Amino acid sequence: MKIASFNINGIKARLPALLDWLREAGPDVALLQEIKSVDEGFPRMEIEELGYNIETHGQKGFNGVAILSKLAIEDVVRGLPPLDENDDSDEQARWIEGTVVGDNAAVRVCGLYLPNGNPAQPPESRPKYDYKLAWMARLEARARDLLASEEIALMAGDYNVIAEPLDAENPERWVTDALYLPETRAAWRRLVNLGFTDAIRETTQAGGVYSFWDYQRGAWERNDGIRIDHFLLTPQAADRLTAAGIDSTLRGRERPSDHVPVWIDLDI
DNA sequence: ATGGCCGGTGGAACCGGA
């Protein structure tokens, strides 16, 4: 079973590129981020014609996530639960999960678009960074439950986290950035160390492996990228991992997203 | 050395992104 994650940066602008990629790569499941569309505005028909079921969690103008699946999608949940009564509920459309049912086994797939968090400069107040850290705390709570369920499960999407220096062409440029601050990286490690496998790092320790290149400064041409789109697998999913990769060639095409698809293959 | 983009909204600039 091939499962992919793709921050498309706007479904309206990206529909032709998305359809081309779905035809070529043919993932069984695709988790999309930044659809930037309300549910009613999502172009269902064109995607359904390629054999996909669709579940969206949209919002006007920004954010928005979706699950596309050639298999049936069951038990869909939108948004992360609040941590406690003081926690504002997860009002931005950044999380969707569901169970995709294969012939031999089911997989719980969670698609996420973690907040960017910039600007993150103290001593000024930094509400966006606080929101990012609070969101990561909600994510960690959900992750613990997911592990406890002992399901074949994964959490994939745009984490907006540069985990290690190896994951940036110029790590020194990111030291004050919300994607790379020590608190961000510590929250990432807490999450992974619960018992998840970073699927790309399971298959390569190479540098220069990125999933995002800025539209500015000729970043793509100079491979000035960062790896911020990740697949975290529960042990039961990691047991079945046979391959993982990044479709970086999409970044060089006409009117690309600034992210490219990341994918895994599970023996299911 | 510096600045260079893009999508969405709404119908001009501005916000948000990373």
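Order of the sequence lines sets the chain letters (A, B, ...), proteins ahead of strands, with each chain counted from 1. As the structure is a prediction and not an experimental result, all values here were calculated from the model.
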Are [X] and [Y] close enough that a side-chain donor and a side-chain acceptor fall under 3.5 Å?
X: Glu172(A); Y: Asn170(A); answer: yes
X: Asp39(A); Y: Thr56(A); answer: yes
X: Trp21(A); Y: Asp247(A); answer: yes

Just checking [X]: base, sugar-phosphate only, or nothing, at a heavy-atom cut-off of under 4.0 Å?
X: Asp224(A); value: nothing
X: Tyr113(A); value: sugar-phosphate
X: Arg94(A); value: sugar-phosphate
X: Asn63(A); value: nothing

| said: Less than 4.0 angstrom between a side-chain N/O of Lys12(A) and OP1 or OP2 of dT9(B), yes or no? | reply: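 Looking at the OP1 and OP2 atoms of dT9(B), one of them is under 4.0 Å from a side-chain N or O of Lys12(A).
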| field | Below 4.0 Å: OP1/OP2 of dG7(B) and any side-chain N or O of Arg255(A) | value | yes
Taking atom [atom1] in both [N] and [M], what distance in whole Å separates the two?
N: dT2(B); M: dA12(B); atom1: P; value: 36 Å
N: dG7(B); M: dG11(B); atom1: C1'; value: 15 Å
N: dG3(B); M: dA13(B); atom1: P; value: 23 Å
N: dG10(B); M: dC6(B); atom1: P; value: 23 Å
N: dC15(B); M: dA1(B); atom1: P; value: 31 Å

| Distance-only donor-acceptor test, Asn116(A) side-chain atoms vs dA18(B) base atoms, 3.5 Å | yes
| Geometric class of the Trp220(A)/Trp213(A) ring pair [parallel <30°, tilted 30-60°, perpendicular >60°] | perpendicular
